[in-house]
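A short worksheet on the structure shown next.
A quick note: this is a predicted structure, and the numbers were derived from the prediction, not measured.
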Amino acid sequence: MATGADFKAAGENIPNDGDSHLAEERSCRKGFCTVRHGLAIILQLCNFSIYTQQMNLSIAITAMVNHTEASQPNSSTEQPFVDAQGNWNETLKEAKALAPVYNWSPEIQGVLLSCLNYGSFLALIPTGYVAGIFGAKYVVGFGLFVSSVLTLFFPLAADVGVALLIVFRVIQGIAQVMVLTGQYSIWVKWAPPLERSQLTTIAGSGSMLGTFIVLLVGGLLCQTIGWPYIFYIFGGIGCACCLLWFPLVYNDPGSHPFISTSEKRFIVRSLSQQDCSPGWSLPIKAMIKCLPLWAIIVSYFCEYWLFNIIMAYTPTYISSVLQASPKDSGILSALPFVVGCICIVLGGLLADFLLSRKILRLVTIRKVFTAIGVFFSCMFLVPLPWVRSSQGATMTFLVLSAASSSFCESGALINFLDIAPRYAGFLKGLLQVFSHIAGAISPTVTGVLISQGSDSEAGWRNVFLIAAAIDIVGLIFYLIFAKAEVQDWAKDQALTHL
């Protein structure tokens with residue numbers, strides 16, 4: 001793995017031929033057909049694959065379960081619901097005729113859906129730390145390969161039994177965290193400061209794209225060719241990404257065999273003032289006392305509170321409040337995510353444009369983009385209960401909220417790369433812990449609020465108001481304490497050992 005000294009040595013070993021080299025470097029700054037942008041595209045595909053693998057069971061489980069055995073209605077009050085869902089039940093029967101079904105109780109289904117998070121939560125911080133020390137190429141590649149292979153064998157494991165499925169899901173959670181957390185260690189060596197936002201957002205947009213695709217085609221695959229093909233197709237895509245990853249991705253520009261000399265020189269020189277070599281030790285006490293780091297942590301928790309509600313309950317809201325059919329519900333639920341995917345990339349390009357032209361300082365860009373993302377997403381979500389009678393207005397507000405919140409990807413959500421690039425992998429794992437905590441609490445609170453009383457409109461109104469209040473509090477804390485300069489504890493070698 002290359003160190004800061006290696007980068008400086010690489011810079012000294014590159015010959016300087018005057019104006020011709022300067023012209024080549026300018027072309028590297030302006031172009032998108034570069035190795036580093038190709039790396040961003042490959043990471044986008046990896047994130048796409050991981051998010052489809054995360055969500056495929058949520059889509060397929062409806063067709064995998066024998067609902068007659070699993071839910072056995074014993075009250076006449078359930079009959080209207082069954083009648084109202086007649087068309088959907090017929091669709092499920094068609095899907096079940098194409099593949100085996102299982103008598104899983106709602107409790108077993110809940111365990112299967114949630115055990116992915118058990119492995120994720122356990123591996124977050126260790127994975128980020130290991131990726132920072134040993135390099136992300138093999139950490140990310142191994143995680144993607146394991147998750148993809150387990151996805152391919154998921155239908156076979158379902159025939160064996162629930163216990164094996166749970167083991168598969170826990171291991172998948174660990175493997176997927178290796179991809180989602182470890183990848184940020186790559187950008188410490190590959191992303192010039194003036195391109196950091198665009199490269200990370202191009203890569204990160206794969207998560208939204210994966211969510212969009214699996215929501216759009218998952219139900220159709222279950223209905224037409226059977227639920228196992230959700231796992232075969234998206235597991236196969238993941239294996240194909242591995243074929244791109246291992247031969248084309250390297251931990252730093254100095255070890256890449258295909259990169260041009262001019263691009264290598266440009267990246268090395270742009271990072272020459274940044275000591276990005278991680279040590280085995282961590283300045284834990286300094287991290288605990290660092291208010292800019294706490295500003296990012298609080299922002300992560302608050303923003304992911306709302307994000308997890310949107311991820312978990314958008315299909316429910318559309319189907320229950322708008323009374324959309326299952327087919328229409330899948331398409332409408334996917335719409336905000338594809339718009340969010342596009343806006344994430346555009347936000348990254350805009351952030352780097354403002355920074356490269358020196359229109360705004362880096363800390364101002366991070367704060368402004370976070371404020372736009374939080375304020376406008378809340379502004380469009382809070383009125384939703386009052387426009388529920390109009391499908392067009394509801395979908396417009398949901399799409400605008402997704403578009404607005406995507407600006408946070410160029411704000412607080414990548415701010416940790418600015419304040420401590422040396423510990424990027426570890427910090428990403430730490431921040432993901434708080435996002436997972438928010439993800440565990442917010443859907444539960446939402447379910448309780450919606451189920452209380454007979455007035456669902458009041459329940460949804462309380463959900464959006466509480467989420468907006470939490471998000472705004474996080475924004476205020478971030479605006480007060482956020483910084484974009486490398487912190488002192490991230491410049492010196494570790495003082496406190498693990």
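- No side-chain donor-acceptor contact under 3.5 Å links Arg169 to the backbone of Cys115.
- Applying the salt bridge (charged side-chain N to carboxylate O under 4.0 Å, His left out) test to Asp471 and every residue at least two apart in sequence or in another chain returns nothing.
- Considering only heavy atoms from C-beta on, Leu293 comes within 4.5 Å of Leu427 through its side chain.
- A donor-acceptor pair is defined here as one N or O able to donate and one able to accept, closer than 3.5 Å; no such pair exists between the side chain of Ser148 and the backbone of Ile237.
- Between the side chain of Ser435 and the backbone N or O of Gln432 there is at least one donor-acceptor pair closer than 3.5 Å.
- A donor-acceptor pair is defined here as one N or O able to donate and one able to accept, closer than 3.5 Å; such a pair exists between the side chain of Ser401 and the backbone of Ser377.
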Would you check, one step at a time, whether the test side chain to side chain donor-acceptor pair (under 3.5 Å) holds for Gln198 with His37?
CA-CA 9 Å; Gln198 64 173 277; His37 285 91; 2.9 Å; yes
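- Here Phe369 and Phe407 bring their ring centres to under 6.0 angstrom of each other.
- Annotation: the span from Ile267 atom CD1 to Lys189 atom NZ amounts to 12.5 Å, rounded to 0.5 Å.
- Side chain of Thr200 to main chain of Arg196: a donor-acceptor pair is present (N/O by atom type, distance under 3.5 Å, no hydrogens or angles).
- Counting only distance, with no hydrogens or angles, the side chain of Glu303 and the backbone of Phe301 share no donor-acceptor pair below 3.5 Å.
- Using a distance-only test at 3.5 Å, with no hydrogens or angles considered, a donor-acceptor pair links the side chain of Ser442 to the main chain of Trp305.
- Proximity of a side-chain donor or acceptor of Glu263 to a complementary backbone N or O of Arg36 within less than 3.5 Å is detected.
- Of all non-hydrogen atoms in Ala351 and Ile365, the two that sit nearest each other are O-CD1, 3.5 Å.
- Evaluation of the ring-ring contact (aromatic ring centres under 6.0 Å, His included) rule for Tyr478 yields no partner, not counting sequence neighbours.
- A distance-only check finds no donor-acceptor pair linking the side chain of Trp489 to the backbone of Lys285 [under 3.5 Å].
- Remark: Phe481 CZ is packed, more than 12 non-hydrogen atoms of other residues, nucleotides or ligands lying under 6.0 Å away.
- For Lys137, the NZ atom counts as densely surrounded, since its 6.0 Å shell holds more than 12 non-hydrogen atoms of other residues, nucleotides or ligands.
- Ring geometry for Tyr317 versus Trp460: interplanar angle over 60°, hence perpendicular rather than tilted (30 to 60°).
- Atom CZ of Phe212 has more than 12 heavy atoms from other residues, nucleotides or ligands within 6.0 Å.
- Taking the six-membered ring for Trp and the full ring otherwise, Tyr184 and Phe416 have centroids separated by under 6.0 Å.
- Across all their heavy atoms, Asn251 and Ala136 have their closest contact at OD1-N, 3.0 Å.
- Of the possible polar contacts, one joining the Tyr313 side chain to the Pro443 backbone as a donor-acceptor pair under 3.5 Å is found.
- The ring-ring contact (aromatic ring centres under 6.0 Å, His included) search around Tyr300 returns Tyr304, not counting sequence neighbours.
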